[in-house]
Every structure is written in structure tokens, then in C-alpha cells.
Amino acid sequence: MRLSQLIGKTLRDDPKNAKLVSHKFLLRGAYIRQVGAGIYSLLPIAKKIVSKIENIIREEMNRIDGQEVMLPVVMPRELWEEAGRYDSIGDEMLRFKDRNNNDMLLGMTHEEAIVHLARTEINSYKQLPVMLYQIQTKFRDETRSRGGLIRVREFTMKDAYSFHTSFEDMVDYYHKVHEAYDRIFKRTGLVDFIDVKSDAGMMGGNTSHEFMLLTPDGEDTIFVCPQCKYRANKEIAQADYPGVEEDPLPLKKVATPGKKTIEEVAAFLKVEKQQTAKAVFYVAREKQLVFVLIRGDLEVNENKLGKALQTNDFRPAHDVEIEKAGAVAGYASPLNLSTDDFTLVVDPTVEQSNNLVTGANETDTHYINFNADRDLKGMEYIQTDIATPREGDPCPQCKKPLKSSRGIEIGNIFQLGTKYSQPMQADFLDEHGKRKPAVMGCYGIGVGRLMASVIEEKNDEYGPIWPLSIAPWQLQICAINYRKQEVKDATEKLYIELKEEGIDVLLDDRDEKAGVQFNDADLRGIPFRIVLSPRNLKKNQVEFKRRDSKDKTFIPLNKVVATLSHEIKQELKKYS
RNA sequence: CGGGGCGUAGCGCAGUCUGGUUAGCGCGUUCGGUUCGGGACCGAAAGGUCGGAGGUUCAAAUCCUCUCGCCCCGACCA
């Protein structure tokens with residue numbers, strides 16, 4: 001490819017809206033252009049990278065016996081009603097009507113479509129296990145897209161779905177996908193990524209993992225145990241919060257005039273915050289008051305709470321709503337109240353501690369020596385972990401202090417079970433002729449986000465540093481003083497020879513100053529670069545430089561093709 | 001969805017508070033010339049419904065109302 005013909009102008013100035021390095025360089029290097037919020041066009045250079053990433057994914061999916069398919073982007077409402085998601089998913093799904101006034105939608109994920117396909121094509125255990133995948137456009141009407149390609153509304157995704165005769169077989173295959181994902185990310189050049197336990201969210205199912213690129217600019221917070229390798233997304237992460245175990249003392253009212261917050265009450269009564277139980281109120285589905293009791297030093301994890309309540313439709317309660325249930329804001333506890341008026345959720349930390357301070361449902365009054373197992377006896381409540389871990393909290397497995405870090409989610413895998421196959425009747429006949437729903441797993445990778453993530457990990461002040469496995473071109477030629485005949489002749493000759501050798505070359509044949517060419521080359525991040533100039537040609541040599549190094553060496557003109565061919569082959573081995 | 005910010009040439013911005021001829025600057029683009037190894041210089045040129053609609057006014061990029069779009073923080077997010 002000749003740079004003089006390549007579509008995509010590099011920008012000198014940093015785009016004002018770009019905060020992430022990947023966003024900045026994707027714009028400056030003319031990889032992407034924005035069309036609308038979270039909607040981008042890919043220019044040729046980005047398309048080349050994305051295609052290479054897709055091919056790596058394809059190879060690894062095929063290696064674990066995946067079969068590539070293509071499912072529709074537009075689907076009818078009826079299909080999505082079968083598993084109940086037409087109603088359960090909110091505005092994140094874009095809906096519209098076709099000319100016949102039928103309700104249609106844009107696919108944001110394809111469980112429904114794949115099950116629709118599988119249930120007609122798969123009817124025997126002899127066909128299982130099987131995995132089908134596609135690389136295709138998804139549309140998710142995110143409330144807030146951000147960070148260039150990191151969070152967008154329209155994006156290309158590899159989504160894979162496996163079907164099995166048993167849960168055990170699915171779990172077994174799940175591990176194979178896990179390994180395939182490791183290979184995919186390594187082959188794209190990523191180094192600093194880990195897998196974490198994650199929340200299945202709207203996908204449903206039990207176990208799921210996310211692959212996270214560790215970077216301070218990531219949008220997810222994850223907790224990692226340096227000792228036992230426990231690692232989990234903040235959404236579901238747990239910790240072994242040290243409790244205060246003592247012999248229970250009798251419940252007693254104490255005056256706490258004007259002390260409403262946990263800080264104030266703890267300070268006033270001269271106890272630690274973890275010796276208190278605090279009340280947090282929500283209203284679920286705009287009708288159900290939720291009373292959350294959690295240890296005073298901990299924060300409620302609303303993601304966990306949502307799971308406990310089986311809805312995401314909740315908000316903090318207003319004081320009026322709290323008072324209707326007989327509780328007094330600032331002095332609230334479940335004591336002396338009736339669970340007929342609210343749903344009570346109690347975090348285990350409260351149960352495991354003794355002699356806590358908690359509200360008395362009277363203004364300016366608290367109880368001391370609250371013991372949940374004794375004092376909540378007879379009350380109906382949900383006992384479940386709803387606490388948010390903090391850095392340094394003990395690991396739930398080995399009790400070593402947890403570390404928190406930030407990450408970008410570059411892939412995820414789910415053990416779906418029969419969540420879709422059951423309601424949609426994707427059944428097969430087993431060896432006894434018995435009809436059973438297939439057990440499913442599903443597995444996703446956002447391709448554009450992966451490309452951006454590689455920039456996040458591999459860049460310098462001048463631009464991205466593409467790993468050779470996904471680089472848009474393998475080699476860049478900078479021809480300095482290209483208009484001079486001797487430079488032009490030597491460059492053209494070499495360009496043809498390199499291409500004939502099978503090397504993917506980008507030739508800067510523009511009549512630009514060296515500085516301009518070098519800066520543009522750095523923005524395009526091509527792994528290898530050679531420079532032809534009058535100065536070098538006089539000595540019958542070219543200058544050679546790797547994008548990931550500052551060192552420059554010289555190669556005799558007649559050795560260039562052989563040397564580069566060798567270098568490229570050696571470098572490619574790192575990613576195979 | 002809550003809070004904040006911004007829409008003026010392809011990109012980055014000034015001008016708006018305090019209304020006043022043909023709306024500026026830098027980069028980029030085109031043409032001519034001098035340069036030529038880390039974003040050169042000189043000269044000329046093209047390029048604008050000042051996001052949109054309505055209003056106030058002799059006069060609106062500037063003031064008012066409505067509206068659309070985008071960005072950032074948060075909430076949300078297979």
C-alpha cells in the first residue's frame with residue numbers, strides 16, 4: 001500500500017474529547033471517525049487490524065471445533081418473547097417497527113437466534129456437543145458510551161454458543177473456551193490480563209468469568225488475592241470481614257441525641273464503626289420497601305442487592321417511605337417492626353457480630369448489644385452477602401488482604417445451563433430416547449474493544465505499538481526525498497521485492513519531510529520500519545528500526561529483503 | 001436517568017459576559033518557490049446556513065425561549 005493513496009489523515013492536535021490513550025491515538029492516527037454517540041466508522045488501517053484480530057479468534061474457535069455462522073441483526077419481537085427477554089430487557093435494546101407494523105429489534109446478543117437455529121438442526125445426542133459462533137454487529141443502546149471504542153453502542157462481537165448433553169460436559173467445554181481465550185489474547189499481544197469471577201447479569205446462568213486487561217483506566221474494579229489467586233469483579237467480589245465475636249449482652253436503649261450517621265453514633269458511644277449495624281432503605285419496583293441491615297463500616301453493593309431482590313429496578317427510599325413502615329430515619333433498625341411492611345435483607349456480617357449498636361426507631365435513641373440471631377428471631381428475612389469489599393479486606397478463601405485494581409473487560413464466558421434451551425425447547429433425544437433440553441454455554445469477545453485495549457497496553461508518547469500478529473502492515477518504508485530519482489528508483493525496486501517476498505508493506509511515498517513521515521509512522525504503529533534516503537543510499541544501506549525500540553541499525557541494500565523476511569518470521573513466532 | 005460542560009472552516013481554538021461594517025487565528029488542504037533525517041519557511045488561494053427553529057432589536061455568533069447533538073462525572077451496562 002502506498003501512503004499517498006491511503007485514506008485517513010493523521011491529526012497533529014490531540015482531540016479535545018479523548019481522554020483514554022487508545023481513543024486519542026485511534027483518532028489521531030486516523031483509525032476511527034465518530035458518526036454519533038458510541039457509533040464509529042473504521043478506516044482502512046483499523047479495518048486491517050480488526051480483520052487480523054478476527055482471524056486469530058476464528059482460528060482459535062475453529063481449533064475447539066467451533067462452526068462459524070451468521071445470525072440476523074434484526075429480529076422479530078416474537079422470538080425474544082419466547083425466553084422472556086423482550087420484556088425483561090429495558091431501553092438498552094433498540095426496538096422499532098417494520099412497514100407492516102411488526103415489532104422488531106436490533107440484536108444486542110444472540111441467544112434467542114442461536115437457539116432458534118439449534119432447535120431445528122439439533123435433535124440427537126449424537127450431534128452433541130457442538131459450538132456455533134459468529135463475528136457480527138451488535139447494537140446496545142447504552143445510556144452512556146465512552147472512551148472511543150471502549151464502550152460503544154454499535155460494535156463487532158464474536159459470540160459463541162455451545163450445546164451439550166449434560167452440565168458436566170458443558171463445564172468441561174467451558175474450560176476449553178477459557179484456554180482458547182487465553183491463547184487469543186496472548187496472540188493479540190496482550191500480556192497483563194487475568195480472568196475474574198463475574199456477575200452473569202442479564203445473561204443468566206450460574207458461573208461466569210470475565211477476562212480483564214489490567215489498566216488504571218479500566219472501567220471495572222476487580223479484587224485480586226495475591227496469595228491464593230482469588231479474583232473477582234467488584235460486582236460480586238466477597239471478603240471475609242473480621243467480625244466482633246463476644247458473649248451476647250442484654251439489649252439496652254441508650255440516648256444518642258442528634259447522632260444520626262454511623263460516624264456520629266460510633267464516635268458518641270466510643271465504639272468502632274464495625275460494632276454498629278446500619279439500616280439502608282430502598283424502594284424496589286416503585287412499591288416494595290427494602291430494609292437492608294449491614295454492618296456500619298461496610299457499603300451496600302447495589303449489584304448484589306439487585307440479585308437478592310431479583311430486579312434492577314430500585315432506588316434509595318425517601319424518609320416518608322421509611323417512616324410509613326414505622327422506622328425512624330437515622331435511628332432505624334428492624335427491631336419492633338413488622339416485616340409485613342418491608343422486605344428485610346440482612347448481610348451476614350451483622351449476624352456474625354455480637355453486641356452491635358443499632359437504631360431504636362425512636363428519635364435520638366439507639367440500642368446497644370444488638371445480636372441478630374437472638375433479636376431478629378421469628379422475623380422473616382433474606383440473609384445474603386450484599387457488602388462491597390474494600391482494598392485490604394481479607395480474602396474470602398485464604399484471608400490474605402485483597403488488592404483492588406482496574407480493568408477493561410475484553411471477553412467473557414458464561415455457563416448458561418438451560419436458561420434459553422428450556423423455555424425455547426431446544427431439546428435433543430438422549431440415548432434412551434428421552435427428550436432433554438440442551439445445556440448451553442456462551443462466550444463473547446468485543447473485537448473493537450480488544451483493538452483499543454491493545455493500544456492501552458502497548459503505546460508510547462508517539463502512538464500505538466502494534467504487535468506483529470495484528471499490525472495493519474508488517475513493515476513501513478519511509479522514503480526521504482522520494483522525489484529524488486535515486487531514492488525513488490531504489491525505493492520502488494525494494495518495495496516490489498518486499499511485496500514479492502510476501503511482506504505486507506506500507507510505503508510512505510509522499511514528498512514529506514522526514515519528521516512528518518516519522519511521526520505519521522509512529523502513529524500507525526507498524527512494528528518494523530526502514531528508511532531510504534540519499535544519505536543511506538550513498539552507503540548502499542537502509543536504516544532499520546523496530547517500533548518498540550529506540551535503536552537504529554543499518555542493513556546493506558542487497559540484504560534488506562532477506563533480513564526483514566527473517567526478522568518478521570522470528571517475530572511472528574512470538575504470537576503463534 | 002441525575003449533575004456539569006461544549007456546539008464558530010477538515011482538526012484545534014479566539015470572539016459571546018458588555019449586540020455594531022466584508023466573523024478571526026493556528027494546523028491541515030490547493031498552487032508557486034526556497035528547504036529537506038523527528039511535525040521547515042515565504043507568497044498566493046480555496047474553505048463558514050457561527051448546531052437548528054422562533055423571538056427581541058435599526059442591527060444578533062453575541063440577548064431571550066424552545067429544540068437537537070456531542071463530551072465529562074455518576075447511576076446503568078450479556
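Just so it is clear: chains get the letters A, B, ... in the order the sequence lines come, proteins before strands, and each one is counted from 1.
In this structure a side-chain-to-backbone donor-acceptor pair under 3.5 Å is missing from A/Tyr133 to A/Ser162.
Counting non-hydrogen atoms under 4.0 angstrom, A/Arg28 reaches a base of the nucleic acid. As judged by a 4.0 angstrom heavy-atom cut-off over every strand, A/Gly90 is placed among residues making no nucleic acid contact. Across all strands shown, A/Arg483 has heavy atoms under 4.0 Å from base atoms, whether or not it also approaches the sugar-phosphate. In this structure, A/Asp159 reaches neither bases nor backbone, as no heavy-atom distance under 4.0 Å exists between it and the strands shown. Looking at heavy-atom distances under 4.0 Å, A/Asp511 makes no contact with the nucleic acid at all. Note on A/Gly148: nothing from the nucleic acid sits closer than 4.0 angstrom, heavy atoms only. At a threshold of 4.0 angstrom between heavy atoms, the contacts of A/Ser88 with the nucleic acid are absent. Residue A/Leu523 is classed as a base contact, given a heavy-atom separation below 4.0 Å to a base.
Checked by atom type, the side-chain pair A/Glu492/A/Tyr482 shows a donor-acceptor distance below 3.5 Å.
If you check B/A60 for Watson-Crick or wobble pairing at under 3.5 angstrom, you find it has no partner at all. Summarising the base pairing, B/G74 is matched to B/C1 through a Watson-Crick or G-U wobble pair whose two defining distances lie under 3.5 Å. Under the Watson-Crick or G-U wobble criterion, with both distances below 3.5 Å, B/G19 has no partner in any strand shown. Here B/U65 sits opposite B/A53 as a Watson-Crick or G-U wobble pair (both hydrogen-bonding atom distances under 3.5 Å). The base-pairing partner of B/C25, taking Watson-Crick or G-U wobble contacts with both distances under 3.5 Å, is B/G12. Look at B/U34: its Watson-Crick or wobble partner, with both distances under 3.5 angstrom, is B/A40.
Taking every side-chain heavy atom of A/Glu302 into account, B/A75 is the closest of B/A75, B/C11, B/A40. Between B/U29, B/C72, B/C77, one nucleotide has an atom nearer to the side chain of A/Glu142 than all others, and that is B/C77. Of the candidates B/C36, B/C72, B/G12, B/G12 carries the atom nearest the A/Asp13 side chain, counting heavy atoms from C-beta on. For A/Arg146, the side-chain atoms get nearest to B/C76 when compared with the rest of B/C77, B/C76, B/A40.
Taking the P atoms as reference points, B/U57 lies 16 Å from B/U62, given to the whole Å.
A/Asp14 contributes no side-chain N or O that forms a donor-acceptor pair with the base of B/G12 under 3.5 Å. Scanning atom types as modelled, no donor and acceptor separated by under 3.5 angstrom connect the side chain of A/Arg12 and the base of B/C11. One N or O donor and one acceptor, one from the side chain of A/Arg529 and one from the base of B/G38, sit under 3.5 Å apart.
In this structure, A/Met75 CE and A/Leu105 CG are separated by 5.5 Å, a value rounded to the nearest 0.5 Å.
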How far apart are the C-alpha atoms of A/Arg547 and A/Asp460, what are their side-chain angles, what is the distance that settles it, and do they pass the salt bridge (Lys or Arg N to Asp or Glu O under 4.0 Å) test? CA-CA 10 Å; A/Arg547 179 68 183 83; A/Asp460 62 15; 2.7 Å; yes
Go through it in stages, so that I can follow the logic: the residues are A/Glu235 and A/Lys304, the test is salt bridge (Lys or Arg N to Asp or Glu O under 4.0 Å), and I'd like the CA-CA distance, side-chain angles, deciding distance and then a yes or no. CA-CA 7 Å; A/Glu235 292 170 348; A/Lys304 290 182 183 177; over 6 Å; no
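Map A/Ala37 and A/Asn519 each onto its nearest nucleotide of RNA chain B; the residue landing nearer the 5' end is A/Asn519. Both A/Arg151 and A/Ser533 lie close to RNA chain B; mapped to their nearest nucleotides by heavy-atom distance, the more 5′-ward contact belongs to A/Ser533.
Checked against a 6.0 Å centroid threshold, the rings of A/His178 and A/Phe211 count as neighbours.
Applying the 4.0 Å criterion to OP1 and OP2 of B/C71, one finds that A/Gln34 has a side-chain N or O inside that range.
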